[in-house]
Amino acid sequence: MARITASVYTSHVPAIGAALDHGRTHEPYWQKVFSGYEFSRHWMRENPPDVIFLVYNDHANAFSLEIIPTFAIGTAAEFAVADEGWGPRPVPKVIGHPELAAHIAQSVIQQDFDLTIVNRMEVDHGLTVPLSLMCGQPAAWPCAVIPFAVNVVQYPVPSGRRCFNLGKAIRKAVGSYDEPLKVQVWGTGGMSHQLQGPRAGLINREWDNAFLDELIADPERLSGRPHIDYVREAGSEGIELVMWLIARGAMNDSEPGGKPPHVQHRFYHVPASNTAVGHLILENR
Ligand code: DHB
Ligand code: FE
């Protein structure tokens, strides 16, 4: 059977991708950001998954106000890199896993979550920047990736509780796939940031670190936090953090009797662009 080995959480700031693509990672400003991922790239090489189930949000590149799926699973064989205004990032195309993705869609929809099935989709910085941070600059990404896009851009957005429970359903789905695949679930976006309006540039270190603490120790409780708290405390784009609860719900301890995960790595840094950067690696025991 397939199994979830670990979950990874990281911000997906586009300027981080640009710093990598333009060879600026050794500048002092960026060195401080990338230093938090040195361990992670090593860990990825030591613990290679077969598939990454990558939870992220599209930033009006694949979708627009014409169609707004709350949860969209990428079932295609491959996904092209989106042009976000300066040409597509010079990173490899994303190779999907149509069989596992179709199985997860079947299982999760039968567990009463209404997913949108997407057979053609371009992927933006929300997905490619985490891959770059965790894998560096390879000629091809080291494993298959199933993109899972969550609407946190246009209200109404899904609640933390719904995201956490969806993670549990994804864990069951993966665990019932009849092939011994190692699967990681990633949650991306955040941490505190607001890109617009009078509060642009808002950073809340205390709130961010309390979020990390609670995500590790008591995600069930964290999942009860209403979306307005994210917006008030972490800024209008801080709501991206609800996606981390999907990855956390997919860990063993979200079911009774499951062991709490091992915290392999934790990192927090301000600033990257206008944003706080947070990162966690949790391993199932
Ligand atoms: C920025 C954009 C994002 O999507 C994000 O999650 C963080 C920062 C930005 O434009 O700086
Ligand atoms: Fe974002």
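Read the numbers this way: they start at 1 and go in the same order the structure lists the ligands and their atoms.
- Here K93 pairs with E78 under the salt bridge (charged side-chain N to carboxylate O under 4.0 Å, His left out) rule; sequence neighbours left out.
- Closest N/O/S atom of E240 to the Fe ion (ligand 2): OE2.
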Test salt bridge (charged side-chain N to carboxylate O under 4.0 Å, His left out) on R248 and D253; report intermediate values, then the result. CA-CA 9 Å; R248 187 65 183 87; D253 66 334; 2.7 Å; yes
Throw together a table of side-chain donor-acceptor distances under 3.5 angstrom for residues 277-285, partners on residues two or more places apart or in other chains.
unit_1 : atom_1 : unit_2 : atom_2 : d
H279   : ND1    : Y9     : O      : 2.8
H279   : NE2    : S40    : OG     : 2.6
E283   : OE1    : Q264   : NE2    : 3.3
E283   : OE2    : W43    : NE1    : 2.7
N284   : OD1    : N252   : N      : 3.1
N284   : ND2    : I4     : O      : 2.9
N284   : ND2    : N252   : OD1    : 3.3
R285   : NE     : P260   : O      : 2.8

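- A salt bridge links R161 with E220; the closest basic N to acidic carboxylate O contact falls under 4.0 Å.
- Atom NE2 is the N/O/S atom of H12 found closest to the Fe ion (ligand 2).
- Under 2.8 Å from the Fe ion (ligand 2) lies no N/O/S atom of H193, from backbone or side chain alike.
- Listed by chain and number, H12, V13, P14, H59, H125, H193, L195, E240, S273, T275 each place a non-hydrogen atom less than 4.0 angstrom from ligand 1.
- Residue contacts to the Fe ion (ligand 2): H125 brings no N, O or S atom closer than 2.8 Å.
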Side chain to side chain donor-acceptor pair (under 3.5 Å) for R89 and S132? Distances and angles first, verdict last. CA-CA 11 Å; R89 288 191 61 213; S132 296; 3.0 Å; yes
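- With a 4.5 Å cut-off between side-chain heavy atoms of Ile, Leu, Val, Met, Phe, Trp and Tyr, the cluster of I228 takes in none.
- Side-chain contact between I73 and F113 is absent, with no heavy atoms from C-beta onward closer than 4.5 Å.
- Taking NE2 of H103 as the start and OG1 of T75 as the end, the distance is 14.5 Å to the nearest 0.5 Å.
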